[in-house]
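These values consider heavy atoms only, across backbone and side chains, with no hydrogens, waters or symmetry-generated copies.
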Amino acid sequence: DNGHAVLPTLLSRCQRIDFVLLPPRVIYDALLREGCSDELARSAAHLAGGLDSAREIAQFNGFAGIRNVVIQLMKEHISDPARASITVQNDVLKQEWADRLDLLLGLMILWFKDLIHIRSGRRDRIVFTDQTEWLARQAFTREPSAWIACMELVLEAGRRLKAHVNAQLVLEQLLIRIGSAR
């Protein structure tokens, strides 16, 4: 990952081989052939860096639940922010998959990307295809720069979680900050 940090004497004895990630469409098609549902295959293909990790995500028992909670949180943070905080406490942190918040945050980023795709007329790139109608109503309520700011907030929350900040506080603050992002 960091070839320039390798000592020149070691680097002179190495051959660099670059690996290209599979496009999400190829991963998605493979997961569909293996019997994965459309929604989970599409989400896993965009979260993972390869077919094996996409399979692992799609086969994870809590993945469908995480995806559903993301949809619920993204809708609640607009209509009822207080309810979103309760959802974090009850439906996120008390689940058996609470240690997989990386998936939750990854799906949140995909949600905001979908809003940008709709704004720019690229509906063929939407991940949350079962939520297209709702996304279309919300996409134009903010400028694309605001949706990008929301993605940056999610990335910041991920860094804070890796620094072992309390997960409930991080997620609740994230939802508040997303609600006020402009």
Examine Tyr28 and Leu51 and state if one hydrophobic cluster contains both, with Ile, Leu, Val, Met, Phe, Trp and Tyr joined whenever side-chain heavy atoms are less than 4.5 Å apart. no
Ser37 OG to Arg67 CZ distance, which is reported to the nearest 0.5 Å: 7.5 Å
Spell out, yes or no, whether Val165 and Leu104 are grouped together once hydrophobic residues are joined by side-chain heavy atoms under 4.5 Å, including indirect joins. yes
Restricting to non-hydrogen atoms, name the atom on Leu31 and the atom on Ala44 that form the minimum distance, rounded to 0.1 Å. CD1-CB, 4.0 Å
Asp38 to Leu32 - nearest heavy-atom pair and separation: CA-CD2, 3.9 Å
For the OG1 atom of Thr129 and the CZ atom of Arg123, what is their distance to the nearest 0.5 Å? 12.0 Å
Nearest atoms (heavy-atom pairs only) where Ala167 meets Leu101: CB-CD1, 3.8 Å
When clusters are formed by joining ILVMFWY residues with side-chain heavy atoms under 4.5 Å apart, either directly or through shared neighbours, do Val70 and Ile116 land in the same one? yes
What is the minimum heavy-atom distance between Pro24 and Ala45, and which atoms define it? O-CB, 3.5 Å
Less than 4.5 Å apart, any side-chain heavy atom of Leu161 and any of Leu105? yes
Taking the side chain as everything from C-beta on, heavy atoms only, tell me whether Met74 gets closer than 4.5 Å to Gln131. no
Is there a side-chain contact between Phe60 and Ile66 in this structure, where contact means two heavy atoms from C-beta onward sitting under 4.5 Å apart? yes
Cluster question for you: counting only ILVMFWY and a side-chain heavy-atom cut-off of under 4.5 Å, with indirect links fine, are Ile178 and Ile71 together? yes
May I ask whether Val26 and Leu21 are part of the same hydrophobic cluster, defined by side-chain heavy atoms of I, L, V, M, F, W, Y residues being less than 4.5 angstrom apart, directly or through others? no
Could you check whether Arg122 pairs with Asp114 (Lys NZ or Arg NE/NH1/NH2 to Asp/Glu carboxylate O, under 4.0 Å)? no
Can you check whether Met108 reaches Leu174 side chain to side chain, under 4.5 Å on heavy atoms? yes
Expected output: side-chain Arg13 to main-chain Thr9 donor-acceptor under 3.5 Å: yes
Rounded distance [0.5 Å steps], SG in Cys36 versus CD1 in Ile27: 12.0 Å
Determine whether the aromatic ring centres of Trp147 and Trp111 lie less than 6.0 Å apart. no
From CG (Leu110) to CG (Leu47), nearest 0.5 Å: 5.0 Å
Would a 4.5 Å heavy-atom cut-off, applied to side chains only, mark Cys150 and Arg142 as touching? yes
Ion pair Asp29/Arg33, N-O distance below 4.0 Å: no
Within the structure provided, determine whether Leu107 and Ser43 are in side-chain contact (heavy-atom separation under 4.5 Å). yes
To the nearest 0.5 angstrom, please state how far the CG atom of Asp124 sits from the CZ atom of Arg25. 9.5 Å
Under 4.5 Å between any side-chain heavy atoms of Gln138 and Thr141, yes or no? yes
Residue pair Leu40 / Ala64: nearest heavy atoms and the distance that separates them: CD2-CA, 3.8 Å
Just verifying a value: how many Å separate Asp130 CG and Asn68 CG, rounded to the nearest 0.5 Å? 8.5 Å
Going by an N to O cut-off under 4.0 Å, is there a salt bridge joining Arg16 and Asp18? yes
Would you indicate whether Asn61, at its atom CG, is surrounded by more than 12 heavy atoms from other residues, nucleotides or ligands within a distance under 6.0 Å? no
Under a 4.0 Å N-O cut-off, is there an ion pair linking Arg55 with Glu34? yes
Are Met151 and Ile148 close enough that some pair of their side-chain heavy atoms sits under 4.5 Å apart? yes
